[in-house]
Every structure is written in structure tokens, then in C-alpha cells.
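From a predicted model like this one, the values you see are computed outputs, not experimental measurements.
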Amino acid sequence: MQEGGAECESKENKPDWIGPTGRTPRSFGWQIRMADQDAAITARRFHFIRHGDTISSDLDWERGPDLVRKAIGESLNARNVAFLLGAGCSSLMKNKVEVGISTMAPLAEEFCGYPLAPDADAAWDPPEPPAWALDADDVAFLDKLGAKLAGTEYARNLERLMELLHSLRFVFERSKNQPHIASKAKVEAIIRKVQGFIWERCTDGAFASGDTSVLDLYEAFYRKLVLRDRSLPRPWVFTTNYDLFNERAMDRLGLPYANGFSGVVERRFNPATFRYALAEQLDLTSRKWSAVDGFVYLCKLHGSISWTEDDHGLFPVRELWPQDAPTKVMVYPTPAKQNSSLGSPYADLFREFQSRIVREQSVLVTAGFAFGDEHLNNIIYQALTIPTFRLIIFADPEAGGEIAKLRALGDPRIWIIGGDGPAEDTRAHYFDTIVEHFMPQRPPERIDEAIRLVLESMGPQKAPADEF
């Protein structure tokens with residue numbers, strides 16, 4: 001029945017009032033709600049600053065992602081492509097709960113929050129503090145040295161605290177004074193607590209209890225990254241993170257990668273492996289070779305929870321997982337400029353970073369990186385002296401510090417992308433939005449999904465225990 005045939009309806013089904021357009025109040029309400037939703041989506045905008053524009057270029061989420069995706073896709077066809085992934089890439093909030101690993105600021109706030117203030121409700125049965133927790137003696141020791149934690153940068157940035165502790169150890173271990181020897185032992189004990197805290201946060205969480213949200217993001221990232229023309233050099237991924245999301249994602253996808261370690265049973269760091277490439281032989285008679293698709297170079301600039309150190313001569317750094325304890329784990333967020341961090345492997349890793357981006361026709365894409373590492377910043381600024389270098393930054397365009405300085409340059413080679421995300425509680429410069437909306441969409445992604453379904457559905461299934 002047509003909308004205007006109200007006289008044919010029974011009285012109980014007849015609407016109380018029909019407007020001049022023939023629509024009922026209910027349909028008007030539905031239209032209003034839909035209009036409000038469309039308006040909300042349209043109101044959410046993000047920024048894509050390029051061409052030297054110091055005034056923000058606003059884009060809506062209806063057509064904006066296509067424009068950014070096309071521009072990013074063209075940039076990723078440059079001869080030399082590198083990504084720099086910071087702590088923000090491993091952090092993911094779901095329903096306002098962290099399911100990944102928090103960034104440095106929340107980690108520093110949690111670590112420096114100990115010892116906790118007395119809880120009157122728990123006075124009779126106070127909770128046992130974790131093994132890595134600072135105690136009153138630790139805080140008093142640092143305060144005596146002029147390193148007050150509360151209300152300082154150390155409570156906002158765990159990297160700065162680690163830098164301080166390694167600098168103190170460097171001074172005390174070169175002194176013969178007995179009080180300094182005791183102070184060195186105290187500093188090393190606090191360093192071990194920081195390492196234990198980092199270890200726990202990188203190995204224990206929702207991601208270690210069945211939630212694969214962060215790992216799925218990394219897998220999607222690498223699926224979109226590796227499809228490059230064989231004639232172009234393989235992409236490089238540099239990261240300041242010491243978690244294992246990168247390695248696990250590539251292992252699950254079956255992607256070969258070089259991370260600076262060689263060997264099988266005993267994998268040891270050897271920077272020469274960064275000179276190697278993986279190729280397949282096309283013609284046995286003429287010895288023709290072609291680079292293997294999907295090969296990636298992974299460089300972990302600040303160390304990893306899978307690295308340990310022993311006394312094995314020229315190659316003392318070993319990759320070992322799982323590890324029993326964090327006592328020898330090599331994680332140095334923002335390595336202090338001391339002998340321990342200027343030597344292998346850190347000097348080699350930073351040298352690789354500099355070598356890769358300070359080249360003609362290079363593109364560096366940063367994500368989850370707040371430009372808080374002075375050493376990395378200087379290398380990036382050196383690269384900006386090369387006319388063909390391009391820097392693509394996923395960050396809040398309204399941020400201060402180094403990002404504000406880069407924006408103020410008005411350099412057309414510097415792109416800054418960020419702002420509101422497509423939905424409530426999302427941001428355009430967060431890793432999940434970058435992967436889903438801004439990374440180039442490749443047709444083979446459907447094939448990858450089909451292959452994944454085959455592996456999950458067609459493989460041998462274990463029978464339930466009660467069927468035996």
C-alpha cells in the first residue's frame with residue numbers, strides 16, 4: 001500500500017497525524033537521528049599539513065582518507081622507505097582499558113608512584129608491593145642526589161629516569177671512594193627494578209592473555225608494507241620499542257626478516273647481516289637471482305626483551321626467547337652517552353638508522369613517536385638537509401615541542417597528519433587508524449584473508465578431550 005493510502009487502513013493502525021509530505025512523526029524522528037549521526041561524522045575532521053602550509057588543512061572523514069592514502073602510496077614508491085615506530089604503536093585502548101603496552105608517560109607515572117601512600121581501608125591487610133616497586137629508601141637516596149621524582153620530568157618520562165640512572169652508575173663505577181661504591185650498588189639495584197618493571201609490562205597484560213588486538217594491527221601493517229616492486233630496495237622498520245609485536249607479527253605471516261642476528265641455536269648480533277638480502281634463483285644455468293617479496297629489515301634501536309648479554313668475545317649480544325628473568329635483558333630507553341651504550345649493538349643500530357635515511361630519494365614515516373629522543377632527532381634533522389628527503393609524521397598537529405618546531409618550518413617535504421579520528425575516542429594519528437585508513441589498500445589483502453581462513457579452517461582439528 002502506498003504511503004498516502006491512510007483511508008484504507010484500520011483505525012487502530014492509522015497514525016494520529018500525517019504531515020504534508022505524508023510522513024509520520026516517527027519517520028521524522030528517524031530522519032533527525034540519522035541526520036545527527038551524519039553531522040557528527042562530518043564534524044569530525046583531521047589535518048593533513050603539507051606543501052609548506054603552516055595553516056592547517058582540514059579534511060573530513062568521507063573523502064579525506066582517500067586523499068591521504070593516495071599521497072602515502074605515492075611516497076612509499078620512493079627508492080628508500082623506512083618507518084620509525086615509537087611506543088604509541090604498541091598501545092591500544094579498548095573500552096578505555098589498555099590491551100597493549102602503555103606509552104612512556106603512563107609507565108613512568110606508575111613506576112614513580114611507589115611507594116604507595118598508606119590506605120586506611122587496607123591498614124590491617126596491606127597489599128604486597130610488586131618486586132620492582134620503589135621503596136622509601138630508594139626515593140630518599142635519589143632525592144639526596146638531587147633527583148627528586150615527584151612532580152619532575154622523571155615521573156612523566158621513564159626514558160629520562162633511565163638516562164639519569166645510567167649516568168649515575170657511570171660516575172660511581174669510576175670512583176674509588178667507599179661511599180660511591182655503595183651508591184653504585186644502590187643505583188644498580190634501582191636499574192634492576194626498572195628492568196623488572198619493563199619486563200612485566202612487556203610480557204604480562206591482555207595481549208598475553210588471549211587478546212590479539214595489538215598483534216592483529218601489526219600483522220595488518222606488515223601485510224600492507226611488504227608489497228613493493230622487486231626492483232626497489234626492501235623496506236626498513238626502525239623501532240624504539242622493546243616488545244616482540246614486530247617479530248611475532250612477521251613470524252605469523254611467514255615473512256622473512258633480518259634483525260641483525262645470525263645463527264639458529266645461538267643467535268648472536270652481527271651487524272654484517274644488515275648487508276644481506278634474501279633472493280631466489282630464477283635460472284640455474286645463468287645464475288640469475290631475484291629479491292624475495294616480503295623481506296623486511298627490522299632494527300630495534302633501544303634494545304629488546306629478547307636480547308641478553310654474555311662474555312662471548314666479539315659477539316656478546318645474544319637473542320634468546322623465552323628468558324627466565326629480566327636480570328640481563330638489554331633494554332635501554334634513550335641510551336645514555338656512555339661506553340656501555342655507544343658500543344655494540346647500539347652504535348651499530350644508530351649507524352644503520354643514519355645510513356638508511358640520509359640517502360637520496362628517502363622517505364621516513366614516523367608513527368607513535370613523539371620526537372623525545374635527541375639522538376634520533378639529530379639524525380632526522382640531518383636528513384632534512386638532503387633535498388630529496390621526505391618526512392611524514394603521524395602526530396597531533398597541535399602538539400608542542402619538536403613537532404611544533406617542524407611544523408613552523410613550513411617545509412613542503414614535511415607532512416604532518418593527525419587530529420580527530422573517525423569515531424568517538426579515536427585519533428587520526430593513532431596506529432590503529434593509520435593502518436586501517438591511511439596505509440595503501442592492496443588488492444592481495446583479500447587473498448591474504450582467504451589464505452588465513454584456509455589455514456584456520458582446513459587444517460587438522462584437535463578433537464575435544466571428552467571424545468577420547
Side-chain angles (χ1 to χ4, degrees), residues 46-57 59 64-86 88-89 221-222 224-229 231-240 296-299 301 350-371 373 375-397 399 401-419 428-431 433-435 437-442:
F46 67 96
H47 310 301
F48 182 17
I49 302 172
R50 57 176 179 168
H51 301 312
D53 298 331
T54 54
I55 299 176
S56 177
S57 300
L59 294 174
D66 291 334
L67 177 64
V68 175
R69 195 159 44 239
K70 181 179 179 182
I72 296 293
E74 292 173 354
S75 297
L76 294 185
N77 286 328
R79 178 161 183 79
N80 301 297
V81 171
F83 278 76
L84 175 57
L85 306 183
C89 292
F221 167 75
Y222 279 105
K224 296 180 178 183
L225 173 65
V226 297
L227 295 172
R228 270 167 65 84
D229 190 288
S231 63
L232 296 173
R234 298 299 91 192
W236 282 70
V237 174
F238 298 92
T239 180
T240 58
V296 177
Y297 292 95
L298 175 64
C299 193
L301 297 167
F350 277 84
R351 189 181 303 116
E352 289 297 336
F353 181 66
Q354 183 176 37
S355 171
R356 291 299 147 187
I357 70 169
V358 186
R359 294 187 177 200
E360 293 289 334
Q361 300 181 27
S362 293
V363 173
L364 176 66
V365 183
T366 70
F369 180 68
F371 287 80
D373 188 314
H375 197 171
L376 292 177
N377 292 348
N378 290 337
I379 296 174
I380 294 172
Y381 300 157
Q382 291 170 13
L384 284 170
T385 64
I386 300 174
T388 58
F389 175 74
R390 171 164 291 160
L391 176 61
I392 302 175
I393 304 170
F394 284 98
D396 185 353
E402 298 302 309
I403 294 176
K405 294 179 183 178
L406 287 167
R407 179 179 177 179
L409 290 175
D411 192 326
R413 299 169 303 154
I414 301 175
W415 297 357
I416 302 177
I417 304 167
H429 48 278
Y430 285 0
F431 192 50
T433 308
I434 296 169
V435 172
H437 295 281
F438 297 142
M439 289 289 288
Q441 304 290 336
R442 310 286 189 177

OG (S57) and CH2 (W415) are apart, to the nearest 0.5 Å, by 12.0 Å

So how far is it from T239 OG1 to L84 CG, rounded to the nearest 0.5 Å?
7.5 Å

Before you tell me yes or no, could you show the steps for I392 and V363 under side chain to side chain contact (heavy atoms under 4.5 Å, CB included), namely the whole-Å CA-CA distance, both residues' side-chain angles and the distance that decides it to 0.1 Å?
CA-CA 8 Å; I392 302 175; V363 173; 4.0 Å; yes

Do F438 and F46 make the cut of ring centroids closer than 6.0 angstrom?
yes

Looking at P397 and G418, what are the two nearest heavy atoms and their distance?
CD-C, 3.7 Å

Which atom of A399 lies closest to which atom of A404, heavy atoms considered
O-CB, 3.4 Å

Determine, stepwise, if the pair V81 / L232 fulfils side chain to side chain contact (heavy atoms under 4.5 Å, CB included).
CA-CA 9 Å; V81 171; L232 296 173; over 6 Å; no

Reported NE2-to-CG distance for the pair H47 and D396, which is rounded to 0.5 angstrom:
7.0 Å

For R79, the side chain to side chain contact (heavy atoms under 4.5 Å, CB included) test, sequence neighbours excluded, returns P233, Q361

Hey, could you give me the CD/NE2 distance between Q354 and H375, rounded to the nearest 0.5 Å?
7.0 Å

Find the distance between CG (L225) and CE (M439) and round it off to the nearest 0.5 Å.
5.5 Å

Distance-minimising heavy-atom pair for I416 and A395:
CG2-O, 4.0 Å

The salt bridge (charged side-chain N to carboxylate O under 4.0 Å, His left out) partners of R351 (sequence neighbours excluded) come to D348

Do R69 and D66 come close enough that some side-chain heavy atom pair is under 4.5 Å?
yes

Check against side chain to side chain contact (heavy atoms under 4.5 Å, CB included), I417 and I434:
CA-CA 10 Å; I417 304 167; I434 296 169; over 6 Å; no

With F83, the ring-ring contact (aromatic ring centres under 6.0 Å, His included) member among F431, F353, F221, F238:
F221

How far apart are the C-alpha atoms of T240 and L376, what are their side-chain angles, what is the distance that settles it, and do they pass the side chain to side chain contact (heavy atoms under 4.5 Å, CB included) test?
CA-CA 10 Å; T240 58; L376 292 177; 3.7 Å; yes

Test L406 against every option in I49, D411, L384 by the side chain to side chain contact (heavy atoms under 4.5 Å, CB included) rule and name the one that passes.
L384

With a 6.0 Å cut-off (strictly less than), is the heavy-atom count around OH of Y430, excluding the residue itself, greater than 12?
no

Do S362 and I386 come within less than 4.5 Å of each other through their side chains, counting heavy atoms only?
no

What one should report as the nearest heavy-atom pair of R50 and L67 is NH2-CD1, 3.8 Å

Any side-chain heavy atom of N80 within less than 4.5 Å of one from R356?
no

Can you tell me how far CZ of F394 sits from OG1 of T433, rounded to the nearest 0.5 angstrom?
10.0 Å

Can you tell if the side chain of K405 reaches within under 4.5 Å of the side chain of F371, non-hydrogen atoms only?
no

Residues A367 and C89: closest non-hydrogen pair is O-SG, 3.2 Å

Across all chains, not counting sequence neighbours, the ring pair (Phe, Tyr, Trp, His ring centres under 6.0 Å) partners of F389 are none

